[in-house]
Amino acid sequence: MRILLTGAAGFIAGHVADVARERGHEVVGVDAWLEAAHGASAERDSGPESGIKMVDLRSDALDELLDGVDVVCHQAAMVGNGVDAQDLPAYAEHNDAATARLLAAMARAEVRDLVLASSMVVYGDGRYTCPEHGDVPPAVRREEDLSAGRYDPRCPHCDGDIEWRLIDESTAFLPRTSYAASKVAQEHFAGAWCTLEGARTVALRYHNVYGPGMPADTPYSGVAAIFRSAIERGEVPRVFEDGQQVRDFVHVRDVALANVLSIEQVAGHPQGVTPYNVASGTPFTIGQMARTLAEAAGAGEPEVTGEYRGFDVRHVVASPAAAAEGLGFRARVTPHEGIAELATAALRTR
Ligand code: UD1
């Protein structure tokens with residue numbers, strides 16, 4: 001198949017291109033090579049020898065490149081949680097306006113299959129049950145609870161204890177950050193395009209992606225890169241809250257495989273957006289992740305600081321069942337193996 005891959009110079013798309021080529025596909029890579037993501041090396045690396053065409057999706061430069069393309073795999077995005085409200089326009093422009101332009105170009109080129117990089121952040125605080133009230137969206141955590149070290153969210157009806165549950169794809173959207181809002185909007189734009197064009201989208205809602213080549217610590221990095229960079233500087237990981245918050249760390253090679261399976265199968269999906277969670281299926285606490293990484297790197301014990309951030313969600317763990325059923329995707333790298341590998345893997349520096 002001929003694939004147009006956006007964000008091709010980035011961490012995840014680089015692995016998608018490798019797996020796609022291994023499986024015999026032709027990849028046309030495009031990237032805006034934004035200095036904010038690629039730093040001073042952008043100009044040097046974006047030459048023709050990189051094999052990646054310099055295209056800003058906010059321009060109308062895609063028409064020619066879409067000629068003969070079977071599927072678009074859209075990985076280009078501004079990532080992270082957002083630093084402050086001044087980031088809002090950048091998330092809207094890079095993630096939503098750019099996606100809308102891409103979809104319009106796909107309509108002109110009559111390309112009707114899209115694989116979209118989405119995220120678990122669309123679910124916000126996740127899914128919980130209360131012994132008395134059943135399935136509940138958790139109440140937003142209160143400052144007085146967080147400052148007193150009470151980190152678990154409570155039932156919005158009785159203020160009682162609630163337990164986290166695996167999130168499936170029917171769980172309601174509850175975006176809490178600029179990035180999350182932009183990912184929800186991206187899925188909605190794709191849905192509108194599917195209706196207008198009789199097209200199909202597979203939206204892959206990634207859990208916490210990590211692995212070789214991930215960008216080193218920046219204000220927009222996730223926790224795995226932050227911990228790994230701290231160890232490299234000779235510091236120990238600083239674990240926020242009590243370290244018991246649960247995530248799912250999914251290896252970038254598995255995420256790449258999920259993308260290529262989607263590229264190969266999106267045309268067999270019904271019209272509209274079909275979402276799949278992309279997760280390892282092995283929940284890990286942040287404290288456990290920090291210890292596994294520090295131990296493999298021969299670094300000191302992580303420090304549990306009790307710090308907290310207002311926008312953080314407490315526990316988010318996805319069910320990988322639908323992706324297994326719909327795509328035949330099962331993660332191959334366990335977090336124990338993958339996180340130990342990350343301890344010594346090269347990171348991307350800008
Ligand atoms: C992360 C990504 C988000 C992605 C999502 C997929 C970032 C910034 N966030 O969200 O883009 O879509 O995974 O599920 O890339 N923590 C520490 N110490 C630190 C930093 C963070 O203990 O120095 C803790 C946080 O308090 C939080 C957890 O680590 O509980 C995860 O934080 P982070 O990786 O920033 O965000 P996610 O919400 O998991």
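None of these values were measured; they are calculated from a predicted model. As the structure lists them, so they are numbered: ligands from 1, and atoms in each ligand from 1.
The CZ atom of Arg200 sits 10.5 Å away from atom NE2 of His269, with the distance rounded to the nearest 0.5 Å.
The closest side-chain donor-acceptor pair between Glu132 and His157, if any, does not fall under 3.5 angstrom.
With hydrogens and angles ignored, the 3.5 Å screen pairs no side-chain donor or acceptor of Glu303 with any backbone N or O of Val236.
The number of heavy atoms from other shown groups lying within 6.0 Å of CD (Gln86) does not exceed 12.
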Could you list, one pair per line, each nitrogen or oxygen of ligand 1 together with any protein nitrogen or oxygen closer than 3.5 Å, giving atom names and the distance rounded to 0.1 Å?
{"unit_1": "ligand 1", "atom_1": "12 (O)", "unit_2": "Ser119", "atom_2": "OG", "d": "2.5"}
{"unit_1": "ligand 1", "atom_1": "13 (O)", "unit_2": "Asn208", "atom_2": "ND2", "d": "3.3"}
{"unit_1": "ligand 1", "atom_1": "14 (O)", "unit_2": "Asn208", "atom_2": "OD1", "d": "3.2"}
{"unit_1": "ligand 1", "atom_1": "15 (O)", "unit_2": "Gly222", "atom_2": "N", "d": "3.3"}
{"unit_1": "ligand 1", "atom_1": "18 (N)", "unit_2": "Arg238", "atom_2": "O", "d": "2.9"}
{"unit_1": "ligand 1", "atom_1": "22 (O)", "unit_2": "Phe240", "atom_2": "N", "d": "2.7"}
{"unit_1": "ligand 1", "atom_1": "26 (O)", "unit_2": "Asp312", "atom_2": "OD2", "d": "2.7"}
{"unit_1": "ligand 1", "atom_1": "30 (O)", "unit_2": "Gln245", "atom_2": "NE2", "d": "3.2"}
{"unit_1": "ligand 1", "atom_1": "32 (O)", "unit_2": "Arg309", "atom_2": "NH2", "d": "3.4"}
{"unit_1": "ligand 1", "atom_1": "34 (O)", "unit_2": "Val223", "atom_2": "N", "d": "2.8"}
{"unit_1": "ligand 1", "atom_1": "35 (O)", "unit_2": "Asn81", "atom_2": "ND2", "d": "3.4"}
{"unit_1": "ligand 1", "atom_1": "35 (O)", "unit_2": "Arg309", "atom_2": "NH2", "d": "2.9"}
{"unit_1": "ligand 1", "atom_1": "38 (O)", "unit_2": "Arg247", "atom_2": "NH2", "d": "3.4"}
{"unit_1": "ligand 1", "atom_1": "39 (O)", "unit_2": "Asn208", "atom_2": "ND2", "d": "2.8"}
{"unit_1": "ligand 1", "atom_1": "39 (O)", "unit_2": "Arg247", "atom_2": "NE", "d": "2.7"}

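The pair Lys183-Glu187 fails the salt-bridge criterion, with no side-chain N (NZ, NE, NH1 or NH2) lying under 4.0 Å from an Asp/Glu carboxylate O.
For the pair Cys194 and Gln271, the tightest heavy-atom approach, listed with the atom from each and the gap, is O-NE2, 3.4 Å.
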